[in-house]
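In what follows, residues are counted from 1 in the order of the sequence shown. Computed over heavy atoms, backbone and side chain alike; hydrogens, waters and symmetry mates excluded.
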Amino acid sequence: MIPYAFLLPGVLVIAALLLYPIAQMVQMSFQEVGLRQFRARNPLPAEFVGTENYRQVFESELFWSSLRNTMLFALVAVALTLVFGTLVGLLLQRLGPKMSTTVVVGIMAAWAVPRPRRP
């Protein structure tokens, strides 16, 4: 029970940092919110519009086109990453342990060392 007591403060902070913005976002999604609601002095109250915002989004052709393009991009990116990663792994396996280590160290060094700035 004591280990959970030590974890509790961290879990509460993380939960607060995640749950409060999510709750605010859900609340704002049912309102007509603009820049006037975020003014420092005399902010105007947001008008409750219910599910009208969601209706507008789901009826928009731009939303469906963007969703289709995003899904296609994600599918192609994941597939290519898996294929190229597998091919590189197979190539490194065929090179043998010494050459494979040399190539991996070279790749990691190129990734870890910053490029020099040009004047």
So how far is it from [X] [atom1] to [Y] [atom2], rounded to the nearest 0.5 Å?
{"X": "Leu44", "Y": "Leu35", "atom1": "CG", "atom2": "CG", "value": "11.5 Å"}
{"X": "Thr70", "Y": "Phe63", "atom1": "OG1", "atom2": "CZ", "value": "9.0 Å"}
{"X": "Trp111", "Y": "Met108", "atom1": "CH2", "atom2": "CE", "value": "5.0 Å"}
{"X": "Ile2", "Y": "Leu7", "atom1": "CD1", "atom2": "CG", "value": "12.5 Å"}
{"X": "Thr86", "Y": "Leu91", "atom1": "OG1", "atom2": "CG", "value": "12.5 Å"}
{"X": "Trp64", "Y": "Leu67", "atom1": "CH2", "atom2": "CG", "value": "6.0 Å"}

Tell me the side-chain hydrogen bond (donor to acceptor under 3.5 Å, both in side chains) pairs involving residues 13-32, sequence neighbours left out?
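Those involving residues 13-32 are Ser29-Tyr54.
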Taking all non-hydrogen atoms of both residues, which atom of [X] and which atom of [Y] are closest, and how far apart?
{"X": "Ala16", "Y": "Pro21", "value": "O-CD, 3.8 Å"}
{"X": "Ser100", "Y": "Leu95", "value": "N-CB, 4.2 Å"}
{"X": "Val33", "Y": "Gln37", "value": "C-OE1, 3.6 Å"}
{"X": "Phe30", "Y": "Thr51", "value": "CE2-CG2, 4.0 Å"}

For atom CZ of Phe48, is the number of surrounding heavy atoms from other residues, nucleotides or ligands below 6.0 Å larger than 12?
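Check passes, neighbour count above 12.
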Just wondering, more than 12 heavy atoms not from Leu82 lying within 6.0 Å of its CG?
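Enclosed.
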Transitively linked via ILVMFWY side-chain contacts under 4.5 Å: [X] with [Y]?
{"X": "Val13", "Y": "Ile22", "answer": "no"}
{"X": "Met28", "Y": "Leu19", "answer": "no"}
{"X": "Phe84", "Y": "Val76", "answer": "yes"}

Kindly write out the residues that satisfy salt bridge (charged side-chain N to carboxylate O under 4.0 Å, His left out) with Arg36, not counting sequence neighbours, or none if the list is empty.
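Checked Arg36 against salt bridge (charged side-chain N to carboxylate O under 4.0 Å, His left out); zero matches.
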With Glu59 as reference, evaluate Glu61, Arg55, Gln56 under the side chain to side chain contact (heavy atoms under 4.5 Å, CB included) test and give the passing residue.
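Considering Glu61, Arg55, Gln56, a side chain to side chain contact (heavy atoms under 4.5 Å, CB included) with Glu59 is found only for Arg55.
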